[in-house]
Trainee: 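After the structure tokens below, expect a handful of questions from me.
In the text below, chain A, chain B and the rest are named by the order of the sequence lines, each starting its count at 1.
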Amino acid sequence: MGERADIVVIGAGPAGMAAAIQAAAAGLAVAVLDDQPTPGGQIWRNVEGAAERGDLKLFGKDYRRGLASVKRFRLARVDYQPGARVVGVEPDADARDTGGDVLFVRKGQAARLSCKRLIVATGAYERPTPFPGWTLPGVMTLGAAQIALKTSDLVPERPFVIAGQGPLLLLLAAQLEAAGAPPDAVLDLSDPGLALTAGKSAAMAALLAPDYLAKGAYWLGRLRATARNVVQIRALGAERLRQVEWRTAAGAVGRIDVRTLLVHDGVIPNAQLTRAMRAPHLYDMAADAWRPAADRLTGQLDDMPWVHVAGDCAGVAGWAAAEALGESAGAAAATALGRTATPGRWSRTRASRARALRPFLDRIYRPARAFQRPDDATLVCRCEEVTAGAVRAAAALGAQGPNQLKAFTRAGMGPCQGRMCSQTVAAILADAQGRGPGDVGLMRVRLPISPLTVGELAGLNETEIKLPLS
Amino acid sequence: MTDTAQVIVIGGGMVGAAIAYGLAQSGAAVVMLDEDDGALRTARGNFGLVWTQSKGLGMQRYQEWSRRSAEIWGNFAREIEASVGVDAGHEQRGGLMLCSSPDEVAQSEALIAKMQAQAGNMPYDVTLLDRGELMAMVPGVAFGPDVVAAAYCPHDGHANPLKLLRGMHAGFQAAGGQYVPNAGVADIERAGAGYAAIAKDGRRFEAEKIVIACGHGIPALAAKTGLHCPTRPQRGQILVTERLDPILPMPMGSIRQTDEGSIMLGVSHEEVGFNDMNTGDVAGAIAARAVRILPALKTVNIVRAWGALRVMPPDGCPIYDESETWPGVFMATNHSGVTLAAVHARLLPRWILEGETPVGFEEFSVKRFDGTPHARPSH
Amino acid sequence: MLVRRTEPPASAAVTITVDGRDVRARKGESVAAAVLAAGIVPTRLAPVSGAPRAPYCLMGSCYECLMTVDDRANVQACMTPVKDGMRVRTHASRPSLRHG
């Protein structure tokens, strides 16, 4: 049989670490499963290593702040298991809210960990950006470049271009400049009028979080000089990227010789696990993304009270909110198990402050139309190499929704299991049916949420059922 | 909204789509009403065998029916490809059922003897191969030591069920059929000389005849139209590997390589009601068996897995019937939608349109369960 | 695609082989980062069309960085920390089960 813990936390980013620290402080047996080799999540990726290298300055105040959190986490009495890839969660069969098992792979072995409460803190990932040529070697996400800089002191090979939209565009351009590798051009794919049309209420909310706004203005100032507003891009090359072609709203076309192209279109919650559990999810129109239906403070799932979500996987709001919500999820889970737990008194304030900015950010950083409505020839499913045109043809055949469409086209059937295409497929289908993405839904996710070998999976055959060969 | 057609087919899965496709090919004006995307849709969970060996134990007519479908499957697939360009990936190079112990060999021998005895005019061409003969038949496949024998049948084969489903949907529409998605049917009423199907959202569709072929939805609609449908859900779980170089020349019961290169590993038989989740323990058992069969699979990645619910009649054999009190209302159900797709498309339209049936077809009537305790299912 | 700002000191470096060629890597970094820093692209051919591909997201989402690591095919290189002596191979799209 597998091991037991009172609480299992999945993810060791700001939310997961804070939740684990809270629950452990309440005297519970807490296990933390994280797929990375070191704690910190994507935002504080390799913060200990960067500190050792003396590179903390490069990444700014927010990154430096992570070192203290990681240190606190290292000192907490938790069973921290790095390099653990979670493949699924199974609620107890008898009653849905007594707990369940987490199925994961670590060091080439599949294992089960039973718990009474589960805290899912799996963060966010970059919204997929399908455009012509996006599969060429030399095209990477902006997040990838940031990870390479944090973990390996790597910068993009020049000449290189950053394209897309979103706050990370500004941050990374500034970080790369500080690292001595400024982009040769920035292609801004956001709607030119958006920043000006953001409403008064959003501006008011932003006033509650002045430090964030100040930061934005600083990045923006550094970037303006090299940015060009465009409506379309194409990556050109045969064996690898050679050029980026852009087109402006006025129809002007230009090309730049490049070695590297970094693309970005904001981030969306990584909800693969809660989707595989079939917890209800909500479509957030402002964020153009799905998130689990959960209590906004404790993260308790509406339909599965033994499960909490915390941090960006519950709705993208950044590290400060993630840490605060992790604390309150950890405290709520501990309280539910009969312990006394008090989240840091600033949790609620910090979370609401960080969230106050979201409507503003969501309005000025709308997903780029060029990426979200790719032309027929563009691949939307990188794994199975399915084009937007093939998806449209299957939609025209009357596919009711994303699951039938997946069956008809194979989009979403490869190893990434729809992480890179399910949103795009749903958006294309929504257009074809004249419905909103919220009505169309996303294709179903099932266990295992990430691939594992037949041999590893055989290790989960704990009841030792021996099936006849045929 | 009211629509008048000759026939309404309720159900857009493997059985409904095959019948609707066949009816449209026959020139009938057909409307196919399908459920929404959240339907159980067993048709998206098929293993993909076009299989004859072991099919129909205890019901000679089903044995013959499966064999007949396997015989015409190739033509059926070519017709779909010719009309809409979708290759259903059909191959008929024979099929194997592997045995791992003297017990399993004895069971296989007994099954072959019984099937041969009931086969009648249509010979049951299944032979038992020992390990050496098996290795010679599929060279390059390194079976594990547990594999001691296999039953081989030349009529067996497989296809790509998802391409088949898409091909039938496309072919149906190309032949003039009207497909209406998101139109799960809540009720059937008499309407003049014909009938009306009332969708859950209130839309109304009228036709001279109605075919109820919506899998797990049949029992409720059958009960409203003087029919009885004693099927139950039975869960099967399947695992799929990443794409591999071609290695398996033919399907082997619980393991087959698809036209795309993935290896599919099946399949469980679980009585868990309408729960179609897949689970770690059964997936683990399927994986463990796969490693016993082909140890080299150990380091191959599983990229997807699922559970799906078979539509299982009490005796495991198909049910086709027409209501006596609501003449012109038909039902068709079984758990072998892929194998039987060819006969469903080619032979059921004549029954529905003209009342013309193959010899012995009445044996598929649901009346076979009248007054008898439900027989143990076979597959 | 990516270049090192500074080479790691010997104490912070390990050596792996990529298609038989020695590649120096920084301790703690991923196989994908090491391969990109060495300028080795493409890292695989897409299993459907055979088109060239290389690591894309570096955070475990896109599965574009699948490589053969110590004889195991299609391992996520971005989620695999380098180890001294690790043998990495490119172009492992469709593993073969064939013996001999």
Side-chain angles (χ1 to χ4, degrees), chain A residues 2 87-91 93 101 103 108 110 112 276-278 383-384 393-394 396-410 412-417 429 433 440-441 443-444 446-448 450-470, chain B residues 12 34-39 41 43-44 96-100 104 107-108 146-147 150-151 162 165-166 169-170 173 179-182 239-242 252-254 260 265 268 277-293 297-307:
Chain A
V87 296
V89 168
E90 292 183 343
D101 288 359
L103 280 51
R112 235 173 231 276
M277 293 166 72
R278 298 204 193 156
C383 298
E384 291 288 327
L397 202 54
Q400 308 99 311
N403 293 305
Q404 185 87 343
L405 206 130
K406 173 181 174 182
F408 279 176
T409 63
R410 297 189 65 79
M413 287 196 186
C416 96
Q417 305 196 338
L429 190 58
Q433 298 180 338
V440 167
M443 58 182 76
R444 183 168 279 173
R446 279 185 183 268
L447 173 158
S450 82
L452 74 172
T453 65
V454 177
E456 286 164 347
L457 188 52
L460 286 179
N461 181 20
E462 287 180 339
T463 43
E464 293 183 3
I465 307 168
K466 198 166 177 183
L467 298 170
L469 289 193
S470 284
Chain B
D34 203 357
E35 273 205 271
D36 60 32
D37 201 42
R41 191 39 57 91
R44 291 197 297 250
L96 295 161
M97 291 185 84
L98 307 174
C99 307
S100 71
E104 283 182 24
Q107 279 168 23
S108 181
D146 281 8
V147 179
L162 299 179
L165 184 66
R166 181 178 178 157
H169 271 253
Q173 293 180 51
Y179 175 65
V180 187
N182 305 309
L239 314 177
V240 182
T241 72
E242 59 198 338
M252 303 179 182
S254 67
E260 280 115 2
L265 307 172
S268 59
M277 296 289 274
N278 55 321
T279 61
D281 58 347
V282 173
I286 291 172
R289 170 172 60 185
V291 172
R292 286 169 62 214
I293 295 173
L297 280 174
K298 212 167 175 173
T299 57
V300 165
N301 287 303
I302 297 291
V303 293
R304 284 181 299 129
W306 65 84

Trainee: Taking every heavy-atom pair that is under 4.5 Å apart, which of A:A276, A:G455, A:A407 has the most such pairs with chain B?
Mentor: A:A407
Trainee: Do side-chain atoms of B:N278 reach the backbone of A:L447 as a donor and acceptor pair under 3.5 angstrom?
Mentor: yes
Trainee: Side chain, backbone, both or neither: which part of B:E35 has an atom under 4.5 Å from a heavy atom of chain A?
Mentor: backbone
Trainee: Can a salt bridge be assigned to the pair B:K298 and A:E456 using a cut-off of 4.0 Å between side-chain N and carboxylate O?
Mentor: no
Trainee: I'd like to verify something: which residue of B:G280, B:S108, B:P181, B:A170 has the highest number of heavy-atom pairs under 4.5 Å with chain A?
Mentor: B:G280
Trainee: Taking only residues two or more places apart in sequence, or in another chain, which ones meet B:D37 in a salt bridge (charged side-chain N to carboxylate O under 4.0 Å, His left out)?
Mentor: B:R44
Trainee: At a 4.5 Å cut-off on heavy atoms, which part of A:Q404 comes close to chain B: side chain, backbone, both, or neither?
Mentor: both
Trainee: Less than 4.5 Å to any heavy atom of chain A: does that hold for the side chain of B:T279, its backbone, both, or neither?
Mentor: both
Trainee: Taking salt bridge (charged side-chain N to carboxylate O under 4.0 Å, His left out) as the definition, give me every residue that meets it alongside B:R41, ordered by chain and number, with sequence neighbours left out.
Mentor: B:D34
Trainee: Using heavy-atom distances under 4.5 Å, tell me whether B:A290 contacts chain A through its side chain, its backbone, both, or neither.
Mentor: side chain
Trainee: Measure distances from B:D36 to the heavy atoms of chain A and classify the residue's part below 4.5 Å as side chain, backbone, both or neither.
Mentor: backbone
Trainee: Report the C-alpha distance between A:L460 and A:L103 in whole Å, list the side-chain angles of each, state the deciding distance to 0.1 Å, and finish with yes or no for side-chain contact (heavy atoms from CB on, under 4.5 Å).
Mentor: CA-CA 8 Å; A:L460 286 179; A:L103 280 51; 3.8 Å; yes
